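Have a look at the structure below before the remarks.
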There are 2 protein chains.
Amino acid sequence: MTHSQAEENYLKAIFSISEKEGKAASTNAIAAMMQTTAASVTDMLRRLSEKNLIAYEKYRGVTLSESGHKVATALIRKHRLWEVFLVDKLGFTWDEVHEFAEQLEHVQGDALVNRLDQFLGNPKFDPHGDPIPDAQGRWTHRPQALLSTLQTGDRGVVTGVEDHTTAFLQYLDQQGLALGASLEVIERFPYDHSLRVRTHGDRELVLSEKVCQNLYVRTLNT
Amino acid sequence: MTHSQAEENYLKAIFSISEKEGKAASTNAIAAMMQTTAASVTDMLRRLSEKNLIAYEKYRGVTLSESGHKVATALIRKHRLWEVFLVDKLGFTWDEVHEFAEQLEHVQGDALVNRLDQFLGNPKFDPHGDPIPDAQGRWTHRPQALLSTLQTGDRGVVTGVEDHTTAFLQYLDQQGLALGASLEVIERFPYDHSLRVRTHGDRELVLSEKVCQNLYVRTLNT
DNA sequence: ATATTTTTTTTGACTTGTCTAAAAATAATA
DNA sequence: TATTATTTTTAGACAAGTCAAAAAAAATAT
Ligand SMILES: [Mn+2]
Ligand SMILES: [Mn+2]
Ligand SMILES: [Mn+2]
Ligand SMILES: [Mn+2]
């Protein structure tokens with residue numbers, strides 16, 4: 001009924017890989033995400049399979065079972081709620097909270113996470129703009145697009161990040177680009193796919209292709 | 001520099017045993033507190049000794065080293081701060097929080113516990129009346145005595161409990177005896193060492209010897 | 001001082017989770 | 001299709017943590 005932290009971490013990795021790619025997660029992909037060896041992954045897949053948390057066929061990759069999917073969803077819910085707590089209540093910045101949340105997500109007890117949810121005002125998104133599933137595992141969807149897909153003249157509001165690294169989050173802070181910042185694409189440079197954008201206070205920024213491919217915006221109908 | 005949850009739990013057990021008894025902790029006492037076997041304890045004592053977290057001589061019992069004492073104190077600080085959070089912020093009752101705190105106390109990161117401390121208003125006592133050491137490991141002391149030591153006519157205010165079990169805490173709730181409740185000893189029954197006391201609203205209660213030996217009060221000079 | 005009881009340690013085994021190196025299966029290429 | 005490269009699994013080993021049973025030490029009783 002309760003799973004080890006290692007098992008939970010594997011389930012989360014499998015979830016995010018097979019979600020993103022839309023297909024079974026390979027041993028190597030899991031090993032890369034977990035920063036471990038393929039041999040260790042194979043071992044763990046055998047164990048998770050015995051517990052019916054995953055569907056596993058040798059050499060064929062792996063997908064989550066119904067119960068594995070539930071565990072992974074609950075884990076993500078906890079991770080993101082704790083991140084909201086750390087930022088909203090304790091005053092941490094969005095680049096400081098991930099490692100703490102990696103630990104806090106393993107604290108067991110439905111009552112705790114549900115009270116936390118209530119205390120935080122049932123937030124639907126975490127400090128990085130990622131959706132928080134509710135107690136029944138339902139996700140809130142909202143339309144968003146990578147900034148790199150906008151055309152000249154398009155306007156949008158920053159809603160999330162694809163890259164969650166400290167380096168990127170701190171870069172955005174330096175540029176004054178927090179969640180909710182509004183942007184208008186002034187000019188596109190085909191040479192390097194960089195964009196010039198206008199943001200709050202009529203400030204202009206030039207954002208590289210890499211930045212634009214890691215920043216999500218909700219487009220505004222002008 | 002960082003220790004496993006198992007190591008931390010042993011250090012905490014050794015702390016509370018050698019603190020309470022005022023002498024070295026025996027293998028059996030540790031085993032009883034940890035709900036494990038003496039063989040497991042001996043194994044762990046060897047490991048903790050190698051890491052210089054305890055002073056250990058075979059057959060002679062064990063005491064914490066300076067660094068072991070620091071780890072144990074930090075752990076107790078975290079445990080009790082999280083308990084304050086769970087009661088004050090999330091609305092749990094004092095009998096519901098211990099198991100969650102047992103998990104939360106192992107979350108690593110000085111920044112986290114110190115921000116939590118600040119968020120909670122730097123509380124000096126936890127929901128059970130136990131003192132919370134500060135970031136430097138300093139304890140707040142306050143005079144308190146077991147209710148069983150009071151004489152007829154003495155008055156006091158409930159400051160803490162010796163027994164932390166759910167059963168006792170819920171019994172106190174039923175009797176309306178929370179921290180801060182004021183009491184006056186009306187009558188002592190030598191036969192079974194029970195007490196009749198008057199509490200708020202001039203309500204009278206009869207408290208057994210067992211209850212009186214598990215309830216701390218600060219005596220009021222009348 | 002000797003015998004008995006209690007406490008503690010040792011021994012050997014087991015589980016979880018990890019790793020390296022080697023073997024096997026699959027995929028890609030010629 | 002045969003060869004090569006990549007991916008995955010197997011095999012064997014190790015560390016942490018646990019336990020039951022046996023041996024040793026210490027404490028207690030006679
Ligand atoms: Mn995170
Ligand atoms: Mn996040
Ligand atoms: Mn507690
Ligand atoms: Mn407490």
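As the structure is a computational prediction, the values presented were derived from the model and not from experiment. Lettering of chains follows the sequences in order, A, B, ..., and the numbering in each one begins at 1.
- Every residue two or more places apart in sequence or in another chain was checked for a side-chain contact (heavy atoms from CB on, under 4.5 Å) with E66(B), and none qualifies.
- When DNA chain D is scanned in the 5' to 3' direction for atoms under 4.0 Å from non-hydrogen atoms of chain B, the outermost contacting nucleotides are dG17(D) to dA26(D).
- Every residue was checked against the side-chain hydrogen bond (donor to acceptor under 3.5 Å, both in side chains) condition with E99(B), not counting sequence neighbours, and none meets it.
- Not one N or O on the side chain of E8(B) forms a donor-acceptor pair closer than 3.5 Å with the backbone of V71(B).
- S67(A) meets the side-chain hydrogen bond (donor to acceptor under 3.5 Å, both in side chains) test with S65(A); sequence neighbours excluded.
- Q5(B) places its CD atom 15 Å from the C1' atom of dT16(C), with the value rounded to the nearest Å.
- Among residue pairs with one or both ends in residues 109-136 of chain A, those qualifying as side chain to side chain donor-acceptor pair (under 3.5 Å) are R77(A)-N114(A), R77(A)-D117(A), E83(A)-H128(A), D117(A)-N122(A), D130(A)-H164(A), D134(A)-R138(A), Q136(A)-R138(A); sequence neighbours excluded.
- If you measure from atom CG of L48(B) to atom P of dT9(C), you get 13 Å, rounded to the nearest angstrom.
- Under the rule for a side-chain hydrogen bond (donor to acceptor under 3.5 Å, both in side chains), the partners of T165(B) that lie at least two apart in sequence or sit in another chain are D163(B).
- For the segment residues 10-19 of chain B, the set of residues with a heavy atom within less than 4.0 Å of an atom of DNA chain D comprises Y10(B), in numerical order.
- In this structure, N28(A) atom CG and dA27(C) atom P are separated by 13 Å, rounded to whole Å.
- Residues from residues 50-60 of chain B with heavy atoms under 4.0 angstrom of DNA chain C, sorted by number: Y56(B), K58(B), Y59(B).
- Following rounding to the nearest Å, D43(B) (CG) and dT8(C) (P) show an atom-to-atom distance of 15 Å.
- A heavy-atom distance below 4.5 Å is found between the side chains of F168(A) and N214(A).
- Under the 3.5 Å distance criterion, the side-chain polar atoms of T36(B) are left unmatched by any main-chain donor or acceptor of A32(B).
- Contact annotation: R47(A) side-chain N/O to dT16(C) OP1/OP2 distance is not under 4.0 Å.
- Here side chain to side chain donor-acceptor pair (under 3.5 Å) pairs that include residues 49-63 of chain B, with residues two or more places apart or in two chains, are E7(B)-K51(B).
- Annotation: side-chain contact (heavy atoms from CB on, under 4.5 Å) contacts of E105(B) (sequence neighbours excluded): N9(B), K12(B), L75(B), K78(B), H79(B), E102(B).
- Under the 30°/60° scheme for interplanar angles, the aromatic rings of F85(B) and W82(B) are found to stand perpendicular.
- Using a 3.5 Å distance cut-off with no hydrogens or angles, the side chains of T93(A) and E96(A) do pair a donor with an acceptor.
- Inter-axis angle, ends of the helix from dA1(C)-dT30(D) to dA30(C)-dT1(D), five pairs per end, rounded to 10 degrees: 10°.
- T27(A) comes within 4.0 angstrom of sugar-phosphate atoms only, judged by non-hydrogen atoms across all strands, and of no base.
- Applying a 4.0 Å cut-off to non-hydrogen atoms, the residues of residues 30-41 of chain B that approach DNA chain D are T36(B), T37(B), A39(B), S40(B), listed by residue number.
- Judged by the 6.0 Å distance and 45° axis criteria, K89(A) is positioned over the aromatic ring of F119(A).
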Subject >> Derivation and outcome, side-chain contact (heavy atoms from CB on, under 4.5 Å), residues I54(A) and L45(A) >> reply: CA-CA 8 Å; I54(A) 59 173; L45(A) 294 184; 3.8 Å; yes
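- With rounding to the nearest 0.5 angstrom, the CD atom of E209(B) is 9.0 Å from the OG atom of S194(B).
- Taking the ring centre of F125(B) as origin, the terminal cationic atom of R142(B) falls inside the region bounded by 6.0 Å and 45° from the ring axis.
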